[in-house]
Every structure is written in C-alpha cells, then in structure tokens.
Peer 1: 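After the structure tokens below, expect a handful of questions from me.
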Amino acid sequence: MSKLEIKNLHVSVNTEDGEKEILRGVDLTVNSGEVHAIMGPNGSGKSTLAYSIAGHPKYTVTDGEVLLDGENILELSVDERARAGLFLAMQYPVEVPGVSVANFLRTAKTAIDGEAPKLRTWVKDVNAALERVTLDPSFAQRSVNEGFSGGEKKRHEIAQLELLNPKFAVLDETDSGLDIDALRVVSEGVNRYTEQRDRGVLLITHYTRILQYIKPDFVHVFVAGRLAESGGRELADQLEAQGYDKYVKAAAV
Amino acid sequence: MTVIENALEHVESHLHPEPSYELEAHPVPNGLEEIWRFTPLKRLRGLLDGEASDATLTWEQELPEAATLTTLSADDARDLAVNAPFDRLAALAAAQAPSAVVLDVPANAELDEPVRLTLSGDSLEHPVWGHVVVRVGANARAKIVVEHTGSAVYDAFVPVVVGDGAHLDLVTINDWEDDAVHAAQYNLRVGRDATVRFFEISLGGDLVRTTANVDYAGPGGSAELYGVYFADAGQHIEHRQFVDHTAPRTSSNVLYKGALQGQDAHTVWIGNVLIRKVAEGIETFEQNDNLVLTDGAKADSVPNLEIETGEIAGAGHASTTGRFDDNHLFYLQSRGIEEGEARRLVVHGFFNDIIRRIGVPELQERLVTAIEDELAEADFSAIHGRPEPGTPAGSIGAAGGSDA
C-alpha cells in the first residue's frame, strides 16, 4: 500500500516576460489501487503538473511538496524519483537517436530493479510487452522513438509502463492523437497495470473519450493551475455535456 | 578519364582549386588562406618544409585472395589517371614519397573479407611521406580498413579509383598516440553507377587534417562520406570534404559527427559541395553535428554549397553544435537511468548512428569501446546540462531539431 501526496504545489517557469506561475497550489492524494483522472482545458497547467512531479529541469517548484510514502521526492533527482517508483508516460515521448529500444529498456530495468534482468526471460518479456501493445518485436532494434508514428510512441510508453511496473504512473495526455484502435490498445495496457490492485494512476486528459475504456475512481477538474472540483465518474459525464466553461469563468473572476 | 576533365567548364570558386602534382601550383601557405585558416600550421612539425625523408610506417596487412599490393615508382603512379593533389601537403606527399603503394582489387572480384592495413609509426624525428593508390575494378565489391597507430609525422596522398558498377567501403581509422601529426588527402573518383562509402574515425593524434575530394567518372555514382571524431584537450582534428558533382544523376551524402571535451579541444568540419552545370538530377545532403561536452572546447563547422544548375533532385545541408539535449537526458532519467549513464547512452547513440553502418561487427565493437574510454576521461564537473543562451538546443543528433 503506497501513497502519493501532492501538497500545496506551486510551480513556475521562466518565460521571456519573466517568471510565470503555472501551478497555484495543487493538493491531491493518490493511493495505490486508485485511478484519478485530471481533466482540464488547454493551458490549465495539467502537463506542468506531470512534468513537475517527474522533475523536468524547466520547471521550478516555488512552494509545496510531493510525498511518496512520506518522502519528499522533490528533493530527488529525476532518475531517483523513477527508482522510487514513479513513472511518467509523456505526451511527446523523446526521440533518442542511435540508442536501441532493447538497450534502453534493459538499462532502465536494470536501474529500476538494482540488478540486471535475467537474460533468459528478459527478451521474451520485452517481446511480449511489445506485442501486447501491438508493436512488432522488431521495434526492439530501432532507435528509441525515432521515426515512430505518434501512436507507436504512445504504445511504446505503455510497453515501458508494463515492463518497469512502477508504484505510480502519471499518464500525460496519453490519449491525444490516437485513433480508436490505438486508444483501445493503450487503455487495455493501463487496465492490465491497474488490475494488479496495488498501483496508482494519475490520468491527465483533455477529453472524456479515454474514460470509456479506463474507469477512474475519481475525477478532478483542473483549471488555472489548481483543482477546481473533485468528484466521481459522474463529473466526467457532466464535463462531457457542459464543457469547462463554467470553471474557466469562475477561475477568471 | 581525361575526357571528363576536358568536358567540364572551369569554375571560378574557392571551393575548387586546380589539382596539380606541381608544387609551384600550391604556394606555401601563410595560414590566412581559406583552406588553411583553421589549421595550426606551427603544429605540423615542419611538414610544410617538405624535408626529404625515406622514413616509412610499419605496414601490416591482411589481404583476401584477389586483392594485391604492389609498389610503383612515384612517376608511374602519377600516370594512373586519377585526380592530382588539391593542396600543398598532398602535393608534397606525392612528390617526396620514394615510391607508391598500389592496392588493387580486380574487376568483378567480390571480397569475402575486408582488406586490412595497419600503418604504425614509432618516431617523430623525420616526416613520413606516403603515396597510396587504391584501385577497385569494375563491378568489384570490396571493404578496405586502414588503421593508423603509434607516433608519426605522416603526410599521405591517397587517390582512389572506383570502377563502373563497383562497390567500395573504405574505412580509415586515426587512432594515433597523442603526439602524432597526420595529414591526408583522399581523392575518390566514383565510376558510373558505382557506390563508395568512405568512413573516417579520428580519435588520436595531436593534429589530424584530412581532405576527402570526390568526383564522378560517369552518371549514377553514389558517394557516402561518414566521419566520427572525438577530440580531447589540446587536440586539433580537421576533416574537409569537397564533393564535385561532375556527372548527372549522381548522389552524395555527407554525415560527420564529433564530440569534444577538455581545454582547447578543437575540431573543424568543412563540407564543400559543387554542383556543375552538367550535373542535372543529382542529389546531395551534408550534415555535421557536434556535441560539446565541456567548456573550453571549440567546434568549427562550415558547409558550402555552390549550385550551377537548377535541375537537381535535391540539395541541402545542416550543421548543429550544442551541448547535451536536456530532453534526451530527461527522458532517459525519467526511466530510472542515472545521469552519467544517460549521458553515456546519448553519446553512444550519437555516434552509433554512423558506426553501425560500417558493417564490420568486430571493428564496430572496438570503436564503441574506444569512444567509451574517451568518454570515461570526461570531467563531468565541467559539463553543463543546459545549452548556453544563443546556442541551438534540442537539435543534437536530429536534423532540424524537433524535440521541443
């Protein structure tokens, strides 16, 4: 049983016009076994929340803390956070030329587990993980994300999620740009992960479409850098019908 | 071959000096000339003085059946109808070499194994002048690996003639001791529908300056020039190319990648491409990427493209010089890979893009290890993860840079 707690998180970025505050006091607790959907309009700071938890150097935390089982992970480096059990599926997975998927996955798995995976089973595990997200095993020999289509990149993220099996996964708009088949494949991967019952998910999305496949326990409306409202699945239905307008207007007041 | 020469118009261009065996045609440089301005002439250990010397390198060779090595007089070597020297260093090598070595792969031969030549030196006392001619007959297939090791002051002129329909991979490795000086000029003539892949890997030496000149004996030829270099503190590594599209429907692809670390590590890449009026339907692309690992290192990168005809299939160039890409490191680290290992992977990937194309697994492994050894010497305290303001970020290893 693990717990991810975000407390009063304030985050800024440097812009041409100086420091700009994006997150303005985010409070959220995710327990293992729970799926939380964070929904919000473009520019509300959803991705900033994802990247800040993972520790991207572009973002500066000015206040608050993020606790993983009581430890403030904001004091950890990016790789230490991952080894502590965090995973970020990125909206725009990065291409790393010349580094094969096989080499990348083996290096990551070794880092996360603290020991090299057993050679005999590992190749099989990788191939199986790729096949489950309908990527041909030949992808293992290709450079990380290089020349992958948008959908292939997202499916590759989910294959990593299954292989690395973190305590908590933050999925940043994993559904964006996916056709219906890819969306289903990706959702099934996330569901296999959550079916372990002791893993937590923070599902960040703009659209309700993915919630037809992944059933959240909690839905949060995210507007202007903080949570505007929290509820159950019925909140997603309400957003589907009414949009974000009333929250955006309220935040602007 | 001379027919081609006669058919071509003269092009007034600093890209195109007139090749000649005559020393007088190549004035002694003062260091300000376009083709010399990046080279620290004082560190050539007197090569430009042209001291007569019969010092040699030690040659070791593995020759597959069909390939032969013979010795010719310097005069006879000149008559092999290949491009004459383009600069004074190459002219000096041709003039002073006591004899020329000719490596022949006969027409239609298909070599199962690479030709391997290892040239090593053990003294800086006298210059070594080298004249090596490589001839690959029509429709032959060959891979030639030339390794340079040890200490020497070595100046080589290396004309390479590739027959019609032939396929040559020429891999040169400059893995000298820290004190070596090496100048080389490779003049590649690509036959009709022939393919040449030229690799140069420069890791060692105090000063390495190589020039690869390419022209085409007929339509349909293809030249791929690849470079990998890693300069440490104080090293000067300079790679120059001149691709002269002298025939229609020919192609050239130039890709050089370098890493630099340490005070006064200096690399130079000059990529010149000339597309002549006759060269309709050609395609060319040249790219140079530099990864600056520490402060105090300097990478010069100059692409030049001169186009005399509009009737081409494509022409372009790209050059990037920068530090580690934050996004690469972030992605790898976000999967638990610690920072040092992430940097190692990125550099490995940066070079692997070229090394994997060599197609000699044993050699590829050795080069990867050699580069990792170089990297292990890096002073990571001097590394900054973020690019300095004004330097292009996010473009390392990716043409056009679209990682943002």
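Because only heavy atoms are used, hydrogens play no part in the values below, and waters and symmetry mates are left out as well, while side chains stay in. Every chain is numbered from 1, with letters handed out A, B, ... down the list of sequences. Model, not experiment: these values are computed from the prediction.
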Peer 1: Using a 6.0 Å distance limit plus a 45 degree cone around the ring axis, check whether B:Arg197 lies over the aromatic ring of B:Phe199.
Peer 2: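 Here B:Arg197 fails the 6.0 Å and 45° test against B:Phe199.
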Peer 1: Assess, by modelled atom type and distance only, whether the side chains of B:Glu200 and B:Thr210 contain a donor and an acceptor separated by less than 3.5 Å.
Peer 2: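 Yes, B:Thr210 and B:Glu200 have a side-chain donor paired with an acceptor closer than 3.5 Å.
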Peer 1: Among A:Ala108, A:Ala54, A:Pro93, which residue has the highest count of heavy-atom pairs closer than 4.5 Å to chain B?
Peer 2: A:Ala108
Peer 1: If you draw a 6.0 Å radius around CD in B:Glu372, do more than 12 non-hydrogen atoms from other residues or ligands fall strictly inside?
Peer 2: yes
Peer 1: Between A:Gln160 and chain B, with a heavy-atom cut-off of 4.5 Å, which part of the residue counts as in contact: side chain, backbone, both or neither?
Peer 2: side chain
Peer 1: Please classify the contact of A:Leu164 with chain B as side chain, backbone, both or neither, using a heavy-atom distance under 4.5 Å.
Peer 2: side chain
Peer 1: Would you check if there is a donor-acceptor pair between the side chains of B:Ser252 and B:Thr284 at a distance under 3.5 Å?
Peer 2: yes
